[in-house]
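Note sheet for the following structure.
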Amino acid sequence: MKITAVIMAGGRGERFWPKSRGHYPKQFLSLTQDGETMIQKTVKRLLPLVELADIFVVTNIHYAELVQQQLPGLPKENILLEPCARNTAPCIGLAAAVIRHRYGEAMMLVLPSDHLIRYEEMYVDTLRQAVAVAEQEKNLVTIGITPTYPETGYGYICFERDAKLAMPGVYRVERFVEKPDLETAKEYLSSHRYLWNSGMFVWKASSILANLEQLMPDIYAGLLRIETAVDTPDYETVLETEYQAFRSESIDFGVMEKASEIYTLPGSFGWDDVGSWLAVERINPTNEYGNYIEGDVITIGTERSTICGGKRLIAAVGVEDLIVVDTDDAILICAKNSTQDVKKVIENLKICNRSQLV
C-alpha cells in the first residue's frame, strides 16, 4: 500500500514571539545551529519512508509561498491551503479526502511540522511498525511518547495490553486524558501506564474517513463535496465554501476520544515538541555556564540563560535563568519559568491595536 505523509503546518507558534509572527510562524524558523527550518527537518526525516511526491502539507492560505520557498521539490498540488483555521479535524479530513481522490486508498502518516526528533532511524522504524498495525482492519494508531518527568503541558494516553492484537510493543488505548495538574502528572508517571500525547497519527485514508462519517457526519458531508471537486476548476470555490462552514474541532476530541480500535506505540526516539523558548537550550549545545548564545552577545556572570541577538549587541551582566530575544522591532525579556505566558504578550498587543507586531 502506498504510504503518504500529511504535515500539519498551519499553526502560529505564539510562544516563540517575537521571532515567530503571524506572517512567519515557528515551523518556518530555524531554531537549531544547522540552519534547517522545522518544516524542512520534518520532511527530510520522512524521506527514507515516504517519497517526496507523496508528502502533503496542509497550511494556512497565507503560508503558501513560504512552503514553496522552503520545500522547493514538493509538488505544488500537494500544498493544501486552508481558507481559514478550523483546528485539526477538518485539516486532517481535507488531506484524507484529497488522498482518497488521488490514490483510492493509501496509508497516512499525520504529523506536526514543528517537532524535533533526535534519533531519526528509531523514529522511522516506529512509523513502519505503526503502518503495519494501521493496515489491519480500520485501526487508528497514535504515537505516544514515553514520559521522563511529570509534564503538565501535555495531554496523556492511558494504555493497556490487548490480547487481540498480537504484536509486541503495541498497546490498546484505554483513554485520552487532558493536561493534568502536577500531582496527577506525578501519578501518571509512577503508574507506568501513561504516555505523552504527541499528536502523531497513522491510519488508512479510508479508516479515518469512516470514523469522520460516523462521529462527525456534518464535516464528512462537506469533505465529500470537496473530494468531488478536487483537481477540477471548481475546487477552490467549493473548498472555501465548505471549509468556512466547518466547526472548529480537534481530531482528539472529534474522533480519537470516541472511536474504537485505537492503538498506540510508545516512542523513545528523542522527541521534543519545541513548545516554547525553553526548548532552545534542550535542542542546542550550551556553554560551560549553561547558556545558549546566538548572535552578538557578551555575558558577564550570566548563567542558565538563552540569549538570541539580532543586529544589536546584547550585554547580559549578572543575570540567571532568563530568555532574551532581540528582533528588528521587538525585544523579549522573560524569566525561564514564565515562557508559557509569552502568548499573553500577543493578547496584549491585539488589545492595544498593535497588530503589526503580532
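The first residue in the sequence is number 1, and the count goes up from there. No hydrogens, no waters, no symmetry mates; every other heavy atom, side chains included, goes into these values.
The aromatic ring centroids of F28 and Y63 lie less than 6.0 Å from each other.
Proximity of a side-chain donor or acceptor of S338 to a complementary backbone N or O of D341 within less than 3.5 Å is not detected. Looking at T126, its side chain never comes within 3.5 Å of a backbone N or O of L265 through a donor-acceptor pair. In terms of modelled atom types and a separation under 3.5 Å, the side chain of S198 and the main chain of I143 share a donor-acceptor contact. Between the side chain of D273 and the backbone N or O of G275, at least one donor-acceptor pair lies under 3.5 Å. Between the side chain of S20 and the main chain of G13, a donor-acceptor pair closer than 3.5 Å is present. With hydrogens and angles disregarded, no donor-acceptor distance shorter than 3.5 Å links the side chain of T146 to the backbone of S268. Checked by atom type and distance alone, the side chain of Q27 pairs as donor or acceptor with a backbone atom of G11 at under 3.5 Å. Listed for the S207 side chain is no donor-acceptor partner under 3.5 Å among the backbone atoms of W203. Judged by distance alone, the side chain of N284 and the main-chain N or O of V280 form a donor-acceptor pair under 3.5 Å. Formation of a donor-acceptor pair under 3.5 Å by the Q129 side chain with backbone atoms of P168 is found in this model.
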Query - Audit row: Y119, E121, side chain to side chain donor-acceptor pair (under 3.5 Å) steps and yes/no - result: CA-CA 6 Å; Y119 306 111; E121 290 186 6; over 6 Å; no
Report task. For salt bridge (Lys or Arg N to Asp or Glu O under 4.0 Å), just list the numbers for D326 and R312, CA-CA rounded to whole Å, side-chain angles, deciding distance to a tenth of an Å, and then say yes or no. Result -> CA-CA 8 Å; D326 183 27; R312 293 168 288 200; 2.6 Å; yes
Requested in this report: Starting from the C-alpha separation in whole Å, work towards a yes-or-no answer on salt bridge (Lys or Arg N to Asp or Glu O under 4.0 Å) for D218 and R247.
Outcome: CA-CA 9 Å; D218 54 332; R247 68 182 187 274; 2.3 Å; yes
Requested in this report: Determine, stepwise, if the pair R102 / D231 fulfils salt bridge (Lys or Arg N to Asp or Glu O under 4.0 Å).
Outcome: CA-CA 9 Å; R102 293 188 180 159; D231 297 328; 3.1 Å; yes
Query raised in the report: How far apart are the C-alpha atoms of E36 and K44, what are their side-chain angles, what is the distance that settles it, and do they pass the salt bridge (Lys or Arg N to Asp or Glu O under 4.0 Å) test?
Result: CA-CA 10 Å; E36 291 182 326; K44 184 178 179 180; 3.1 Å; yes
Query raised in the report: Taking it one step at a time, do K258 and F176 satisfy side chain to side chain contact (heavy atoms under 4.5 Å, CB included)?
Result: CA-CA 10 Å; K258 301 166 185 173; F176 292 85; over 6 Å; no
Report task. Carefully, step by step, assess I117 and T42 under the rule side chain to side chain contact (heavy atoms under 4.5 Å, CB included). Result -> CA-CA 9 Å; I117 305 296; T42 301; over 6 Å; no
**Report entry** Verdict with reasoning, I323 to K336, per side chain to side chain contact (heavy atoms under 4.5 Å, CB included)
**Finding:** CA-CA 6 Å; I323 306 287; K336 286 172 70 173; 3.9 Å; yes
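The number of heavy atoms from other shown groups lying within 6.0 Å of CD (Q68) is above 12. When the shell of 6.0 Å around OH of Y24 is examined, it contains more than 12 heavy atoms from other residues, nucleotides or ligands. Shown here is K138, whose NZ atom has no more than 12 heavy atoms of other residues, nucleotides or ligands within 6.0 Å. Applying the 6.0 Å contact sphere to CD of Q40 captures more than 12 heavy atoms from other residues, nucleotides or ligands. More than 12 heavy atoms of other residues, nucleotides or ligands sit less than 6.0 Å from atom CD of Q69. Within a 6.0 Å sphere centred on CZ of R354, heavy atoms belonging to other residues, nucleotides or ligands number 12 at most.
D252 and S250 share no donor-acceptor pair across their side chains, judged by distance under 3.5 Å alone. Under 3.5 Å, the side chains of Y103 and E105 contain no donor-acceptor pair of N or O atoms. Side-chain contact, Q70 with T37: a donor N or O sits under 3.5 Å from an acceptor N or O. In this model, no donor atom of one side chain and acceptor atom of the other lie less than 3.5 Å apart for T264 and T142. Donor-acceptor pairing under 3.5 Å is recorded for the side chains of T184 and D181. No hydrogens or angles considered: nothing links the side chains of Y171 and E160 as a donor-acceptor pair under 3.5 Å.
Tracing side-chain contacts under 4.5 Å through hydrophobic residues (I, L, V, M, F, W, Y), one never reaches V170 starting from I157; they form parts of separate clusters. Residues I79 and I39 share a single hydrophobic cluster, defined by chaining ILVMFWY side chains whose heavy atoms lie under 4.5 Å apart. A continuous path of ILVMFWY side-chain contacts below 4.5 Å connects Y263 to M1, so both sit in one hydrophobic cluster. Following chains of ILVMFWY side-chain contacts shorter than 4.5 Å, one cannot reach I262 starting from M107, and the two form parts of different hydrophobic clusters. The hydrophobic cluster containing L80 also contains V110, counting ILVMFWY residues as joined when their side-chain heavy atoms lie under 4.5 angstrom apart, directly or transitively.
Through side-chain heavy atoms spaced under 4.5 Å, either directly or across other Ile, Leu, Val, Met, Phe, Trp or Tyr residues, V317 is tied to I298, I300, L313.
Side-chain contact between F56 and I99 is present, with at least one heavy-atom pair separated by less than 4.5 Å. Under the 4.5 Å side-chain criterion, counting only non-hydrogen atoms from C-beta, L46 is in contact with I7. The shortest side-chain heavy-atom distance between I333 and I331 falls under the 4.5 Å cut-off. In this structure the side chain of V274 never reaches within 4.5 angstrom of the side chain of D114, judged on heavy atoms. A 4.5 Å side-chain heavy-atom check between W196 and W271 finds at least one atom pair inside the cut-off. Residues V342 and E14 are not in side-chain contact: their nearest non-hydrogen atoms beyond the backbone lie 4.5 Å or more apart. With contacts defined as side-chain heavy-atom distances shorter than 4.5 Å, the pair E51/K2 does not qualify. Inter-residue side-chain proximity for F159 and R172 is flagged as unmet; no heavy-atom pair is nearer than 4.5 Å.
Rounded to the nearest 0.5 angstrom, T302 OG1 and I307 CD1 are separated by 5.5 Å. Atom CG of L71 is separated from atom OG of S113 by 10.0 Å, given to the nearest 0.5 angstrom. Taking CD from E227 and CD from E242, the interatomic distance works out to 12.5 Å, rounded to the nearest 0.5 Å. In this structure, the separation between CD1 on I251 and CE on M216 is 7.0 Å, given to the nearest 0.5 Å. Note that the CG atom of L127 and the CG atom of L111 stand 6.5 Å from one another [nearest 0.5 Å]. Note that the CG atom of L212 and the CD1 atom of I92 stand 8.5 Å from one another [nearest 0.5 Å].
Ring planes of Y123 and F269: perpendicular class, angle over 60° (limits at 30 and 60°).
Annotation: side chain to side chain contact (heavy atoms under 4.5 Å, CB included) contacts of N337 (sequence neighbours excluded): A335.
The shortest non-hydrogen separation linking Y243 to P90 is OH-C, 3.3 Å. Taking each heavy atom of V177 and R175 in turn, the nearest pair found is CG1-NH1, 2.8 Å. Minimum interatomic distance between G309 and V297 (heavy atoms only, all atoms of both residues): N-CG2, 4.2 Å.
Judged by the 6.0 Å distance and 45° axis criteria, K179 is not positioned over the aromatic ring of Y156.
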